Amino acid sequence: MDVEIKSGRSFVRARAVLVAGSLGLLLAVGGCGASGDSMDSGAKAADGKAAPREGFADEGGAAASAASEEQADGKAAGKKAAPKPGGTHVIRTATLSVEVKSVPKAVAAARGAAEGAGGLVASENTERLDDTYETSHLVLRVPQERFQEVLRELAGSGKLLSRTSNAKDVTDQVVDVESRISTQRASVARVRELMDQAEKISDVVALEGELSSRQSDLESLLAQQASLKDRTSLATITLDLTPPDAPGDDGSKDEDPGFLDALGGGWDAFVTMLRWIAVAFGAAFPFLLTAALAVVVWRVLRKRKASRRAAPVVTTAPAGKDGASAS
């Protein structure tokens, strides 16, 4: 009896072990299948994302693909184009007003100072006042590293009347423009790649319009970069040169007028009055001439009418006398 009970218990234990092993095997198989399905679904999703770049169904699909590529390139270029320590970019300007004995010599010296420093004369304007005095206005462009040296040389060429200097830091603007140029170049390259892969004419037309727009933006950014490079590499100096005895802004040297000045002013006023009288007479002369002719014609007509009225009276008077004598 005890032997049967022991054999029954061992049979039950063996059955339980078998069931547990079967369940464990099923769970393992199910886990492998689930992981395989997840890997297949991930691969399909990746293929689904990559598919729009390879195929061009229509024009809208090509434009959307180009836009998505531009965003991706923008993010990648934004990460790659991190600001690098390239120094400080500053725009420097200065304005000088100097009184010199000889304006032509000072102009030649200023030109020589700018060209000797590796710069240039951007503009020059010389004006003669009262046929005696000369003033000159120059705009000089000199390298940044020689800016202070040239400024001191120009200020020491004569009597310094005024001086102003400004500096503007545009480092952030330079870095931003460079980053945008890198992004735009990557975007243009991506659109070119999409054009090479395009098979339909509608896709090619859409991508050509997109490429033209992006190239235009790139050229605008390159122009900004060139302008910033020019202004940060060359400083601008505005120089005004005047002689010591030049007339003021109103063209007069003496403040208090003398007898000769008063006499000259009176004569000028008299001549001006005669001139205006002549002008007024010339303007009124046609009207006066017309009025005079009208008066002459009126008097002639009046005399004729008077003579016509007086003629019958003279002829009828003798007839009256004859009648009286006849009676």
Side-chain angles (χ1 to χ4, degrees), residues 28-93 120 122 141 143-144 168-236:
V29 173
C32 292
S35 61
D37 294 339
S38 62
M39 293 177 61
D40 294 339
S41 61
K44 291 180 180 179
D47 294 339
K49 292 181 179 179
R53 299 183 183 178
E54 297 177 356
F56 296 87
D58 52 1
E59 181 177 354
S65 177
S68 62
E69 291 295 337
E70 180 182 6
Q71 294 178 356
D73 294 336
K75 293 180 180 179
K79 294 180 181 179
K80 294 180 181 179
K84 297 181 180 180
T88 304
H89 301 273
V90 181
I91 297 176
R92 301 183 186 276
T93 58
L120 54 91
R141 306 293 309 281
Q144 292 277 0
K168 182 180 179 182
D169 189 355
V170 293
T171 304
D172 294 339
Q173 187 175 356
V174 171
V175 173
D176 178 67
V177 171
E178 290 178 353
S179 175
R180 292 169 62 187
I181 287 175
S182 300
T183 303
Q184 200 66 21
R185 281 176 174 169
S187 177
V188 170
R190 175 57 59 186
V191 174
R192 291 184 184 276
E193 292 179 1
L194 294 175
M195 288 185 62
D196 294 337
Q197 298 174 4
E199 297 179 356
K200 294 184 179 181
I201 297 179
S202 59
D203 298 334
V204 174
V205 172
L207 290 171
E208 282 182 350
E210 190 69 20
L211 179 61
S212 176
S213 175
R214 297 187 188 187
Q215 283 181 338
S216 177
D217 295 339
L218 178 59
E219 291 175 359
S220 176
L221 291 172
L222 291 175
Q224 295 181 23
Q225 185 184 42
S227 176
L228 288 172
K229 183 178 180 181
D230 176 70
R231 289 185 292 167
T232 54
S233 61
L234 294 177
T236 303

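From a predicted model like this one, the values you see are computed outputs, not experimental measurements. Just so you know, residue 1 is the first one in the sequence shown, and it goes up from there.
The distance from the CG atom of Asp230 to the OG1 atom of Thr236 is 8.0 Å, given to the nearest 0.5 Å. Distance check: Ser179 OG to Gln184 CD gives 11.0 Å after rounding to the nearest 0.5 Å. If you take CG on Asp203 and CE on Met195, they are separated by 10.5 Å, rounding to the nearest 0.5 Å. To the nearest 0.5 Å, atoms CZ (Arg231) and CD1 (Ile91) are separated by 4.0 Å. Taken to the nearest 0.5 Å, the CG atom of Leu228 stands 9.5 Å off from the NE2 atom of His89. One distance of note links OG of Ser216 with CG of Leu221; it measures 9.5 Å at 0.5 Å rounding.
When all heavy atoms of Leu211 and Val191 are compared, the pair lying nearest together is CB-CG1, 3.8 Å.
Annotation: side chain to side chain donor-acceptor pair (under 3.5 Å) contacts of Ser220 (sequence neighbours excluded): none. Residues forming a salt bridge (Lys or Arg N to Asp or Glu O under 4.0 Å) with Glu193 (at least two apart in sequence, or on another chain): Arg190. Among residues two or more places apart in sequence or in another chain, the side chain to side chain donor-acceptor pair (under 3.5 Å) test is passed with Gln173 by none. Listed by chain and residue number, Arg180 satisfy the salt bridge (Lys or Arg N to Asp or Glu O under 4.0 Å) test with Asp176 (two or more places apart in sequence, or in another chain). Partners of Gln144 under the side-chain contact (heavy atoms from CB on, under 4.5 Å) rule, at least two apart in sequence or in another chain, are Arg92, Ala235. Under the side-chain contact (heavy atoms from CB on, under 4.5 Å) criterion, Ala122 pairs with Leu120, Val139, Arg141, not counting sequence neighbours. Listed by chain and residue number, Val177, Glu178, Ile181, Leu222 satisfy the side-chain contact (heavy atoms from CB on, under 4.5 Å) test with Gln225 (two or more places apart in sequence, or in another chain).
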Can you list the steps and then say if Glu208 with Ser212 is a side-chain contact (heavy atoms from CB on, under 4.5 Å)?
-> CA-CA 6 Å; Glu208 282 182 350; Ser212 176; over 6 Å; no

Exercise for the section: Would you check, one step at a time, whether the test side-chain contact (heavy atoms from CB on, under 4.5 Å) holds for Lys168 with Val90? Expected result: CA-CA 5 Å; Lys168 182 180 179 182; Val90 181; 5.7 Å; no

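In this structure, Thr232 and Val170 have side chains that are in contact, with non-hydrogen atoms separated by less than 4.5 Å.
Applying the salt bridge (charged side-chain N to carboxylate O under 4.0 Å, His left out) test to residues at least two apart or on different chains, none of the pairs has a partner in residues 216-226.
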